[in-house]
Participant: 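What follows is a structure written as structure tokens; I'll ask about it next.
Just so it is clear, the structure is predicted and the values come from calculations on it, not from any experiment.
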Number of protein chains: 4
Amino acid sequence: MTDTMTAAVLYGARDLRLVDHPRPDLLPGMVRLRPRRVGICGSDLHYYQHGFCGGFVPDRPFVLGHELSAEVVELGVGVATVAVGDRVTVNPARACGFCDDCKGGRPNLCRLTIMLGSASTTPPTDGAFAEFLTVRADQCHRLPEALDDGLGAMMEPFAVALHAVHRAGSVAGRRVLVTGAGTIGLLVAMTARAFGAVPVAVTDVSAERRRLAAELAADVAFDPAQADRPGDGFDVVFEASGARAALRQAFDLVRPGGTIVQIGTLGTEDVPLPANAIMAREISLLGSFRYGNVFGEAIALAAAGRVALGPLITAVLPLADVTPAMDLADDKTHSLKVQMAL
Amino acid sequence: MTDTMTAAVLYGARDLRLVDHPRPDLLPGMVRLRPRRVGICGSDLHYYQHGFCGGFVPDRPFVLGHELSAEVVELGVGVATVAVGDRVTVNPARACGFCDDCKGGRPNLCRLTIMLGSASTTPPTDGAFAEFLTVRADQCHRLPEALDDGLGAMMEPFAVALHAVHRAGSVAGRRVLVTGAGTIGLLVAMTARAFGAVPVAVTDVSAERRRLAAELAADVAFDPAQADRPGDGFDVVFEASGARAALRQAFDLVRPGGTIVQIGTLGTEDVPLPANAIMAREISLLGSFRYGNVFGEAIALAAAGRVALGPLITAVLPLADVTPAMDLADDKTHSLKVQMAL
Amino acid sequence: MTDTMTAAVLYGARDLRLVDHPRPDLLPGMVRLRPRRVGICGSDLHYYQHGFCGGFVPDRPFVLGHELSAEVVELGVGVATVAVGDRVTVNPARACGFCDDCKGGRPNLCRLTIMLGSASTTPPTDGAFAEFLTVRADQCHRLPEALDDGLGAMMEPFAVALHAVHRAGSVAGRRVLVTGAGTIGLLVAMTARAFGAVPVAVTDVSAERRRLAAELAADVAFDPAQADRPGDGFDVVFEASGARAALRQAFDLVRPGGTIVQIGTLGTEDVPLPANAIMAREISLLGSFRYGNVFGEAIALAAAGRVALGPLITAVLPLADVTPAMDLADDKTHSLKVQMAL
Amino acid sequence: MTDTMTAAVLYGARDLRLVDHPRPDLLPGMVRLRPRRVGICGSDLHYYQHGFCGGFVPDRPFVLGHELSAEVVELGVGVATVAVGDRVTVNPARACGFCDDCKGGRPNLCRLTIMLGSASTTPPTDGAFAEFLTVRADQCHRLPEALDDGLGAMMEPFAVALHAVHRAGSVAGRRVLVTGAGTIGLLVAMTARAFGAVPVAVTDVSAERRRLAAELAADVAFDPAQADRPGDGFDVVFEASGARAALRQAFDLVRPGGTIVQIGTLGTEDVPLPANAIMAREISLLGSFRYGNVFGEAIALAAAGRVALGPLITAVLPLADVTPAMDLADDKTHSLKVQMAL
């Protein structure tokens, strides 16, 4: 192999170039992958539009992309858990494995995490919009035949939803509301339904999104302006819109003793919240960040058809079209998940 | 009304008579119900066949039946939560409400429980194979239109399954095995599947029962003699057969760190169990007894179609045929749930 | 007995009169008590100072007081769990026992709760600053000899602390911070320590309160202006001051993945909180309201000396001095718990 | 340094020799330690007496010892979390860090664990009865000044107790029984008490052990032949004796709905257990194996004086006396923990 490869490199805001880029080294314990399908996440879009994402400011150009299916093409020294030719999906968050958070079963809190396609570390870590990437062997999860490349690249956003729903404890038999019917909101609604929540309600300001929610996952979908709580309120509210108003409204819709899970990314400014009601109505407000080791579970659920992720993929483009793909992904009226085929 | 009513009264082993029986008093806080559909439970059958059930030996003739749908026909003083004409299902276990177990959310452990159609108290408490019965108002749960009388009378066995599955914590995304494909085993398998378990496997010695399990709930059904564990084993095993061999085998099929839930009634004799493996493989063995306050949840899940209970009702007979109905219920090859229509 | 009794009746703000007041009826299932020691709670003080408490506005004069030890003097029909002459402490919150919250083990959420000495219902419910009061039998918990009347009347505020600490899950081996060293804050610190928290830190703006905290419960006590977090932060922060700034600061002091429990009463206005950090640092913010059925546990812990509640009682006055006692209770520099002896 | 070191090598049953032994290599990520104090565990004793332990049969001579405090003498490549000269205690179970069990926060279930001083792998892994040993850096936990070398070597058995008590959920405010007052039983009793259990009862057949239990940890200690259950029974029973009769008796002493935790090592033969009562009384029987990442917690609790481990160390001998030390450790009447000083 040559020392370089083709990759979509982000040079700055709205400056994404298909260029020759250094091919990553294959260290012991790592595997080299050739991506086959890579989804565009909201954070990819944010990096593309602004050149940074929240507090993460890259100090050099880098490759985006962390939702992927791929083929294993080479094994580093000591790797025995996957084989060349395996088709895999990837947990893009490489936690250290040895800190207290990792040992405590909460790797998503690991301070040493290296995240694919992210400037959360300095220098940034190259992602999957490229011919090759390398990951630690345990980041790979073999895909069964029931999951094609497109669905394989959906495992990462599905993992976000799985983690969020698990954060709420068991939702089985409980009344659930999801605020926001974007990709993550819909995935959360599907997951809550697959885990026995009843009813599953969804709110969104867009009528089209509400229609989609009702079609794919929700027993009922309504406009937040007309939100009404069932009896005493919802047992669990998942806030997946990132809208401050949605979080505030969650407190009016949740029942006494109920749980609110914050998944959506909010601005860094403080949000006025009814702290006395949290006490007097004994509400639980829980943050949910990324995911733990739920990729095996995601694969099993999707392969068994417990959730139908296919309809969330609204467009697939070749890597050459990465810039128009970003613009398409930004069209919230028509797009849910946009993927690149490599 | 007259002071008596028609009821199927158990006088002793295989001596069940349709006779005039005293009509129960309507005390404050109670409601009078007219049963519409009443299922035959394994314990009803055991009382019928032997005149007693386990340690429960009646000191006088009494009325069996505790799985029912009914119509509210009269309200005691102070009742405001149901109305005359309401169609309801009934939680037959009337816990006291004020002991530590009740206050701790575990009413199934309440030592003062009065159970319909049972000799667990002395004298025994009359049940629902009768024109009328009275229960405390909070034992009634209104049935929505989506649930007909037959399904309404399935809420009690469904509640047994719901409680058992909740005992295991969240089964979402976990590998589940159910041993025994009788009514309770099938309900547990359906519930585990509706709560996100994947895969759901069922074992039964009967090929016909395995066929049914695969049709109704299981991803896979197999003969216990050919049981094979998937990878490291099942995350959760629900023992619903009451067979000692099935419980013993559960330890071979559960993964290290996994959970076994005992639901089936076993004999009173001790069962040899691999106690050292419980320690060295860190297994959890959990008993599950009756149910807590899960009737609202049962109704919501069934009404929303998350579980399809209809196929479990294999025969419906008039109360006059209660004796042949008992014999039919005992035919494990052809019967699952046999119900009386009143 | 005559039909009236002496009671301290609140007629309005700062208008508390020792007058003849109707003696409460003894209904079936109830017991008549003669209070022996009654503590002044922050809510009693608020009613005294303002004539109301939060949204609770009495529509007629009523008797305050809900922290008590008492002697059983008469039994209503059907009471068998206590006897005349028993010395008891009382759970002042009489939940209904039959709603979903009660059956679910969360009686503190029961919408039908009748609270002693409170205008949370209309008309208000008379409390314990009186010669007699009646309560449902299950509200009484027998006091062992190891607990004198003063300690007996501490069981209610101790129950508040127990419930709050249980809300956090297990604090055993975890780093705990309590903000606010008033009676409840100190009780929470003592409880956390008795439950294995290490270290237990306390913040308070008063140097005297910090000294007391360090003496009674805390491994370390510091001024919130000089707060410093240990390593990654505290595993659990209990906000017991009711100060908005303390709740806001809790987010700076809690570790990623940690838990904040809100116990203190805050104003009804919304409090700006770092909602994005709740998500990105996966924080849990949990409200804690009153208590469930923890009085037996409170008695066992106090009687065994696991917590030393005596030093929190800073003054005991006769009922005739109820008005000066209120003023004394308001002196935060010198008073923790002020009790009335009856 | 030379290539060999002095070590106590087990050649077979009762054949323990102080010999020259190969010095372990220092691989990247590892640290070289010089042990200072090493305790004798029951498994060390079993290896010494029989040449094997349970199913673990060594295929070559090896060094025992896995309860230790030590000094860091050399760092492997890439180690930054400890420094030469640090005084540490060691988690002797090196889990892989990357399997599902490790990522799920249950490293004690990791199938790839390498255990110091154990034949659980083939070849066996050398332990700490030696001049030097090497461990992975994250196995080391720095000791504060409050913990001397003897107490530092107690962290491993204390970790066993901590894990077992955590397995039961919160024991705060709960009635706890510990069966067996050996080192582990006493540690469990101390831990349960430090975590708020009340009362803490201990059973042992030896009057001397009962006296010790009452002195160090228990509110009450009694002979199992005279065991009596308090009221409804104990909330939690920890079986720490390894006696089959003790496990069987636990079912008679635990309350309905209660929990039994099996810690003691039992023979491999099945033990007859009341499986029907597990169901009908809804008992939880939980195995507890080794420990997770509780060493930091163990250090914090011991250093803060929440438990007093010193009295459990009944003898300290030089390494030259390792054989008599084994015999002393076997004297259950006079010995609890016997340690070697190096």
Participant: Is Asp101(B) in contact with chain D via its backbone, its side chain, both, or neither, using a 4.5 Å heavy-atom distance?
Facilitator: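 Interface part for Asp101(B): side chain.
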Participant: Of the non-hydrogen atoms in Asp232(B) and Arg111(D), which two are nearest, and what is the gap between them?
Facilitator: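 Of all heavy-atom pairs spanning Asp232(B) and Arg111(D), the closest is OD2-NH2, 3.3 Å.
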Participant: Begin from the C-alpha positions of Leu286(D) and Leu286(B) and carry the test side chain to side chain contact (heavy atoms under 4.5 Å, CB included) through to its verdict.
Facilitator: CA-CA 8 Å; Leu286(D) 311 176; Leu286(B) 311 176; 4.0 Å; yes
Participant: Is it true that a side-chain atom of Gln262(D) and a backbone atom of Met279(B) form a donor plus acceptor pair closer than 3.5 Å?
Facilitator: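 Side chain of Gln262(D) to backbone of Met279(B), a donor-acceptor pair under 3.5 Å: no, none is there.
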Participant: Report which part of Arg255(B) has an atom under 4.5 Å of a heavy atom belonging to chain D: side chain, backbone, both, or neither.
Facilitator: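 Contact with chain D is through the side chain of Arg255(B) alone.
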Participant: Between Ala275(D), Gly54(D), Ser288(D), Ala277(D), who has the most heavy-atom pairs with chain B when the cutoff is under 4.5 Å?
Facilitator: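 Winner by heavy-atom pair count: Ser288(D).
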Participant: Let's test your reading of the structure: which of Ala164(D), Gly257(D), Gly267(D) forms the most heavy-atom pairs below 4.5 Å with chain B?
Facilitator: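 Top count of heavy-atom pairs under 4.5 Å with chain B: Gly257(D).
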Participant: To the nearest 0.5 Å, tell me how far Ile283(D) CD1 sits from Phe289(B) CZ.
Facilitator: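 Rounded to the nearest 0.5 Å, the CD1-CZ separation comes out at 12.0 Å.
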Participant: Less than 4.5 Å to any heavy atom of chain D: does that hold for the side chain of Leu109(B), its backbone, both, or neither?
Facilitator: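 Leu109(B) touches chain D through side-chain heavy atoms alone.
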Participant: Between Leu273(B) and Leu273(D), does the side chain to side chain contact (heavy atoms under 4.5 Å, CB included) criterion hold? Intermediate values first, please.
Facilitator: CA-CA 7 Å; Leu273(B) 295 175; Leu273(D) 295 176; 4.2 Å; yes
Participant: Side chain, backbone, both or neither: which part of Arg167(D) has a non-hydrogen atom closer than 4.5 Å to chain B?
Facilitator: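 Only the side chain of Arg167(D) comes within 4.5 Å of chain B.
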Participant: So, are Glu282(D) and Arg106(B) salt-bridged, with charged N and O less than 4.0 Å apart?
Facilitator: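 Yes, this pair counts.
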Participant: Do the side chain of Asn276(D) and the main chain of Thr265(B) share a donor and acceptor less than 3.5 angstrom apart?
Facilitator: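 Checked: no pair found.
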Participant: At a 4.5 Å cut-off on heavy atoms, which part of Leu247(D) comes close to chain B: side chain, backbone, both, or neither?
Facilitator: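 For Leu247(D), the contact with chain B is made by the side chain alone.
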Participant: So which of Asn108(B), Thr259(B), Asp100(B) has the biggest tally of heavy-atom pairs under 4.5 Å with chain D?
Facilitator: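 Going by pairs under 4.5 Å, I would pick Asn108(B).
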Participant: Please rank Gly287(B), Ser284(B), Pro274(B) by heavy-atom pairs under 4.5 Å with chain D and give me the top one.
Facilitator: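 The residue among Gly287(B), Ser284(B), Pro274(B) with the greatest pair count is Gly287(B).
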